[in-house]
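Read through the structure below, which is laid out as structure tokens, and then see the notes.
For this chain, numbers begin at 1 and follow the sequence in order.
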Amino acid sequence: MKPITLKLTNDQIFDLKKRYYAYKIRTDLPYTHFQIRGDDFTITAYTSGKVVFQGHSAVFHASLYGYVESEETQSTKKVSTQSNATPTRYPMAGSDEVGTGDYFGPITVCAAYLTDADLNVLPVSKIVDSKQINDDTIRQLAPVIMETITYSLLVLENAKYNSVHKTMNMNVIKAKLHNKAFLNLSNKITMPTLSVIDQFMPKDAYFKALAQEPEVYKDLTFETKAENKYLAVACAAIIARFAFLEALDQLGTLYDFEFPKGAGAHVDIAGKVFIERYGQDALHKVAKTHFANTQKIINL
């Protein structure tokens, strides 16, 4: 893929560095302000004001600063159900999930749908991989996104999750949630030709997990690290993260307890305090009890 070169203002270059603060940034290259490196892209900002975008997702990142792919370039791309090319045409749909690595709190899955018109309203330059955004920013961005776009959100609470996990693993549960989210979304709008799922298991295994479902949404593009390549997936992830945070807040209010995120040693300590107050049986209402943390908490 050819590099994309844009001429940006000083304010835009400052915004660029701020937006990608969580990525690896070099400032020691001659004639540059900085260079940002991601898994599948490189952005180099020169002191002349020129900014060069390179890599598989260069088109997506450049499009956030005004780049529009030409009709000729679009027409030469191969159409595939699993492409490395990052489209800039809308509408598009995308899905992602949050909470699967957290001991406390639910699993949330969102499928989002974006149109050209939505891009005129959304704070596009602030919408990146939700794992690169702090929770305060998530709480600010999500309501704006939710008011602007069409989406389907599912929240699998802990008691239900622990029940279904007895007969199916985490990936199967996620597959069923993503499928339901896309089906719900398809009932709200006419689905676009591009619907991306942030891949968490191989395509064949995904559809095998849904073999017994009465209805399966099949027109999907599977791609890893899709949050950094497709704006619809990034929006879905932010909404899912917001829903997870809200659910954790509600649990905190219900039990008058601060539930930590993650699954580290700090979670074990909090879990011990929780069962001292409410008993071990209450864990199934607030935690994913098959995690190794449960045994550690009991042993504490």
Side-chain angles (χ1 to χ4, degrees), residues 82 93-112 129-131 151-187 195-227 230 232-251 259-264 267 271 281-297:
Q82 189 169 354
S95 70
D96 205 354
E97 80 284 335
V98 171
T100 57
D102 294 273
Y103 181 64
F104 291 116
I107 291 178
T108 58
V109 173
C110 180
D129 184 341
S130 65
K131 293 183 287 295
Y151 66 92
S152 170
L153 174 66
L154 300 176
V155 179
L156 181 62
E157 296 180 349
N158 292 98
K160 180 66 174 177
Y161 171 83
N162 290 320
S163 176
V164 298
H165 191 268
K166 294 175 182 178
T167 58
M168 61 186 76
N169 64 34
M170 175 80 83
N171 274 349
V172 173
I173 293 172
K174 290 197 291 185
K176 290 177 181 289
L177 289 171
H178 278 267
N179 182 58
K180 184 64 175 176
F182 276 114
L183 289 174
N184 288 350
L185 188 64
S186 69
N187 289 329
S195 294
V196 184
I197 184 169
D198 194 18
Q199 185 172 343
F200 54 87
M201 64 194 301
K203 179 180 178 181
D204 291 344
Y206 174 87
F207 287 116
K208 183 178 179 180
L210 301 175
Q212 302 303 316
E213 291 296 295
E215 188 177 2
V216 177
Y217 190 83
K218 295 183 177 180
D219 191 14
L220 294 173
T221 294
F222 290 77
E223 189 155 345
T224 57
K225 300 177 182 176
E227 284 182 78
Y230 301 89
V233 178
C235 286
I238 290 172
I239 294 172
R241 180 68 178 174
F242 177 73
F244 172 80
L245 294 174
E246 290 288 289
L248 211 60
D249 288 347
Q250 291 169 13
L251 284 176
F259 292 99
K261 295 179 282 293
V267 170
D281 290 344
L283 271 178
H284 83 280
K285 297 180 180 179
V286 300
K288 304 173 186 72
T289 53
H290 68 92
F291 277 33
N293 300 81
T294 299
Q295 194 60 48
K296 294 176 184 178
I297 289 167

How close do Ala263 and Gly101 get, heavy atom to heavy atom, and via which atoms?
-> CB-O, 3.7 Å
Give a yes or no on whether the backbone of His284 and the side-chain of Thr289 come within a donor-acceptor separation of less than 3.5 Å.
-> no
Of all heavy-atom pairs between Cys110 and Leu153, which one has the smallest distance, and what is that distance?
-> CB-CD1, 4.1 Å
Out of curiosity, Arg241 CZ to Ile239 CD1, how far, rounded to the nearest 0.5 Å?
-> 14.5 Å
Between Ser186 and Tyr217, the two heavy atoms sitting closest are CB-CE1, 4.4 Å
Starting at OH of Tyr161, measure out to CD1 of Ile173 and round the result to the nearest 0.5 Å.
-> 4.5 Å
For a side chain to side chain contact (heavy atoms under 4.5 Å, CB included) with Leu177, tell me which candidate from Val155, Ile107, Val172 qualifies.
-> Ile107
Exercise: identify the closest heavy-atom pair between Phe182 and Ser95 = CE1-OG, 3.1 Å
Does a sphere of radius 6.0 Å around CD in Glu246 hold more than 12 heavy atoms from other residues, nucleotides or ligands, not counting ones at 6.0 Å or beyond?
-> yes
Looking only at atom types and distance, does a side-chain atom of Asp198 sit under 3.5 Å from a main-chain N or O of Asp96, one as donor and one as acceptor?
-> no
Between CZ of Phe207 and CG of Leu220, what distance do you get to the nearest 0.5 Å?
-> 5.0 Å
Does Lys180 NZ have over 12 foreign heavy atoms under 6.0 Å away?
-> no
With no hydrogens and no angle check, is any side-chain donor or acceptor of Glu213 less than 3.5 Å from a backbone partner on Glu215?
-> no
More than 12 foreign heavy atoms under 6.0 Å from CG of Asp281: is that the case here?
-> no
So, the side chain of Thr108 versus the backbone of Ala240: is there a donor-acceptor pair under 3.5 Å, distance only?
-> yes
Without swapping roles, check the side chain of Asn162 against the backbone of Asn158 for a donor-acceptor pair under 3.5 Å.
-> yes
Side chain to side chain contact (heavy atoms under 4.5 Å, CB included) between Phe244 and Lys261, worked out | CA-CA 10 Å; Phe244 172 80; Lys261 295 179 282 293; 4.2 Å; yes
Heavy-atom donor-acceptor pair, Lys288 side chain to Gly105 backbone, under 3.5 Å = yes
Output field: ring centroids His178/Tyr206 closer than 6.0 Å | no
Before giving the answer on side chain to side chain contact (heavy atoms under 4.5 Å, CB included), spell out for Ile297 and Tyr103 the whole-Å C-alpha distance, their side-chain angles and the decisive distance to 0.1 Å.
-> CA-CA 11 Å; Ile297 289 167; Tyr103 181 64; 3.5 Å; yes
Residues which pass side-chain hydrogen bond (donor to acceptor under 3.5 Å, both in side chains) with Gln295, listed by chain and number, not counting sequence neighbours | Asn299
Point-to-point distance, once rounded to the nearest 0.5 Å, from CE of Met170 to OG1 of Thr100 | 5.5 Å
d(Leu154 CG, Lys176 NZ) to nearest 0.5 Å is 13.5 Å
Heavy-atom closest pair (Ala287 atom, Phe104 atom, distance to 0.1 Å) is CB-CD2, 3.9 Å
Identify the two heavy atoms, one from Ala181 and one from Val109, that lie closest to each other, and give their separation to 0.1 Å.
-> CB-CG1, 4.1 Å
